Amino acid sequence: MKQRYIVDGHKLLTSFFILGLMAAYGRWDNPTAWLYLALHGTYGMIWLIKSALFPDKRWQQRVSAPYAVGLAATLTLYWAAPWLLIARDVRAAPPLMALCVAVYTLGIFLHYTSDMQKHMALAQRPGTLVSGGLWGVVRNPNYLGELLIYLGFGMLAQHWLPIAIIAAVVAAVWWPNMRQKDRSLARYPEFAVYQRSTKLLIPFIW
């Protein structure tokens with residue numbers, strides 16, 4: 001099975017999962033739950049559009065059944081935020097809601113704009129180092145965008161667990177992937193200069 005089908009399936013099911021939680025707990029009158037549904041639901045829909053129009057080659061790889069089960073189980077951890085929000089009937093204050101929307105929107109921009117930039121750059125010049133646009137500031141703008149997206153979700157749930165989950169994913173999955181990508185890109189002669197002029201993940205800091 002391709003990794004793409006597992007990830008796409010998770011994104012597709014997210015909106016139905018949140019609606020199921022709202023029905024199970026009777027939270028139809030909770031505006032924060034509806035806001036969360038709008039944010040996480042649209043994120044899933046945009047992902048599916050991206051997957052159809054400019055998919056990442058990494059997700060096209062075929063994986064074994066145990067790996068597929070492990071990946072699916074890991075992805076379900078991202079559903080902790082809506083479960084905590086809806087089960088606890090969290091009703092966020094308007095300033096916090098505004099902040100979460102702002103963080104999420106910035107994350108969406110970084111995530112999908114950088115993916116499109118990479119896709120178009122490689123389509124025009126296959127096999128070259130992508131170092132322009134957002135990639136000229138940080139070497140992993142798509143990861144930064146996804147980090148902000150899930151940070152917005154976690155803040156909206158007002159619980160430490162979603163934040164801890166994304167921190168664990170960064171440490172256990174994203175960090176090794178970013179370091180491995182740097183080692184792979186080192187084959188380009190211009191990478192040494194590019195690496196010195198950019199940050200790994202967070203602009204101006206890290």
Side-chain angles (χ1 to χ4, degrees), residues 2-4 6-8 10-11 14 40 43-44 46-47 50-51 54-64 66-81 84 100 103-119 121-122 129-157 159-188 190-206:
K2 291 183 179 180
Q3 293 188 70
R4 172 185 177 183
I6 302 166
V7 178
D8 288 2
H10 169 77
K11 304 299 184 185
T14 293
H40 207 152
Y43 168 54
I46 296 171
W47 178 283
K50 185 202 80 158
S51 181
F54 52 102
D56 193 318
K57 290 183 178 179
R58 177 168 56 101
W59 299 117
Q60 304 300 320
Q61 298 175 356
R62 295 187 179 276
V63 295
S64 64
Y67 183 95
V69 171
L71 176 60
T74 301
L75 290 173
T76 60
L77 295 175
Y78 288 135
W79 287 346
L84 288 165
C100 292
V103 171
Y104 164 86
T105 303
L106 179 58
I108 285 287
F109 169 77
L110 290 172
H111 185 50
Y112 292 112
T113 301
S114 60
D115 276 353
M116 174 57 80
Q117 286 182 337
K118 180 177 70 173
H119 174 79
L122 293 177
L129 178 66
V130 180
S131 59
L134 294 172
W135 300 89
V137 181
V138 292
R139 298 194 297 282
N140 298 279
N142 47 355
Y143 274 138
L144 176 59
E146 195 167 0
L147 176 62
L148 292 175
I149 290 168
Y150 281 102
L151 181 61
F153 296 160
M155 291 192 302
L156 199 58
H159 195 279
W160 61 266
L161 182 58
I163 306 298
I165 289 172
I166 190 63
V169 171
V170 170
V173 181
W174 295 5
W175 173 259
N177 285 349
M178 289 187 290
R179 302 309 298 173
Q180 175 58 38
K181 191 180 80 170
D182 271 2
R183 288 190 291 270
S184 175
L185 294 178
R187 69 184 186 275
Y188 294 101
E190 64 270 31
F191 177 73
V193 174
Y194 172 62
Q195 185 179 34
R196 288 195 298 269
S197 63
T198 56
K199 300 298 183 182
L200 181 67
L201 181 64
I202 302 176
F204 316 113
I205 299 175
W206 178 35

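Here the structure is a predicted model, which means the values were calculated and not measured.
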Q | Spacing of CD belonging to E146 relative to OH belonging to Y78, to within rounding of 0.5 Å | A | 5.5 Å

**Q.** Residues which pass ring-ring contact (aromatic ring centres under 6.0 Å, His included) with Y43, listed by chain and number, not counting sequence neighbours
**A.** Y150

Q: Determine whether L134 and Q117 make a side-chain contact, defined as any pair of heavy atoms from C-beta on separated by less than 4.5 Å.
A: yes

Q.
If you compare all heavy atoms of I163 against all heavy atoms of G154, which two are closest, and at what distance to 0.1 Å?
A. CD1-CA, 3.9 Å

(Q) Could you measure the distance from the CD atom of Q61 to the CZ atom of R4? Nearest 0.5 Å is fine. (A) 13.5 Å

Q: State, yes or no, whether a side-chain contact exists between K181 and L185 at a heavy-atom distance under 4.5 Å.
A: yes

**Q.** Value rounded to 0.5 Å, distance of CZ in R183 from CZ in F191
**A.** 10.5 Å

(Q) Evaluate D182 against R179 for salt bridge (charged side-chain N to carboxylate O under 4.0 Å, His left out), listing each step before the verdict. (A) CA-CA 5 Å; D182 271 2; R179 302 309 298 173; 3.7 Å; yes

**Q.** Partners passing side-chain hydrogen bond (donor to acceptor under 3.5 Å, both in side chains) against Q60 (at least two apart in sequence or in another chain)
**A.** none

Q | Whether S51 side chain and W47 backbone form a donor-acceptor pair below 3.5 Å | A | no

Q: Report yes if some heavy atom in the side chain of L201 is under 4.5 Å from a heavy atom in the side chain of W174; otherwise report no.
A: no

Q: Taking all heavy atoms of S197 and all of Y194, pick out the closest pair and write down the distance.
A: OG-O, 3.0 Å

Q) Without hydrogens or angle criteria, can the side chains of K199 and N140 be said to hold a donor-acceptor pair below 3.5 Å? A) no

Q: Using the test salt bridge (charged side-chain N to carboxylate O under 4.0 Å, His left out), find all partners of K118 that sit at least two apart in sequence or belong to another chain.
A: D56

Q. Is there a donor-acceptor contact under 3.5 Å linking the side chains of Y143 and N177?
A. yes

Q. Heavy atoms, side chains only, cut-off 4.5 Å: are Q195 and R139 in contact?
A. yes

Q. What pairs with W135 under side-chain hydrogen bond (donor to acceptor under 3.5 Å, both in side chains), at least two apart in sequence or on another chain?
A. none

Q. With no hydrogens and no angle check, do the side chains of S114 and N142 hold a donor and an acceptor under 3.5 Å apart?
A. no

Q. Sequence neighbours excluded, which residues qualify as side-chain hydrogen bond (donor to acceptor under 3.5 Å, both in side chains) partners of T14?
A. W79

Q | Non-hydrogen atoms of V103 and G152 that approach each other most closely | A | CG1-N, 4.0 Å

Q. Just how far is it from atom NE2 of H111 to atom CE of M116, taken to the nearest 0.5 Å?
A. 12.5 Å

Q: Flag the pair I108 / I149 as yes when at least one side-chain heavy-atom distance between them is below 4.5 Å, and no otherwise.
A: yes

Q) Heavy atoms, side chains only, cut-off 4.5 Å: are L75 and I6 in contact? A) yes

Q | Nearest-0.5 Å distance, NE2 of residue H40 to CG of residue L156 | A | 11.5 Å

Q) Under a 4.5 Å cut-off applied to non-hydrogen side-chain atoms, are L71 and V63 in contact? A) no

Q | Validation row: L110, L148 side chains within 4.5 angstrom (heavy atoms) | A | yes

Q: Tell me, with the steps shown, if L147 and I166 meet side-chain contact (heavy atoms from CB on, under 4.5 Å).
A: CA-CA 7 Å; L147 176 62; I166 190 63; 3.9 Å; yes

Q: Keeping to residues at least two apart or across chains, list the salt bridge (charged side-chain N to carboxylate O under 4.0 Å, His left out) pairs with something in residues 66-80.
A: none

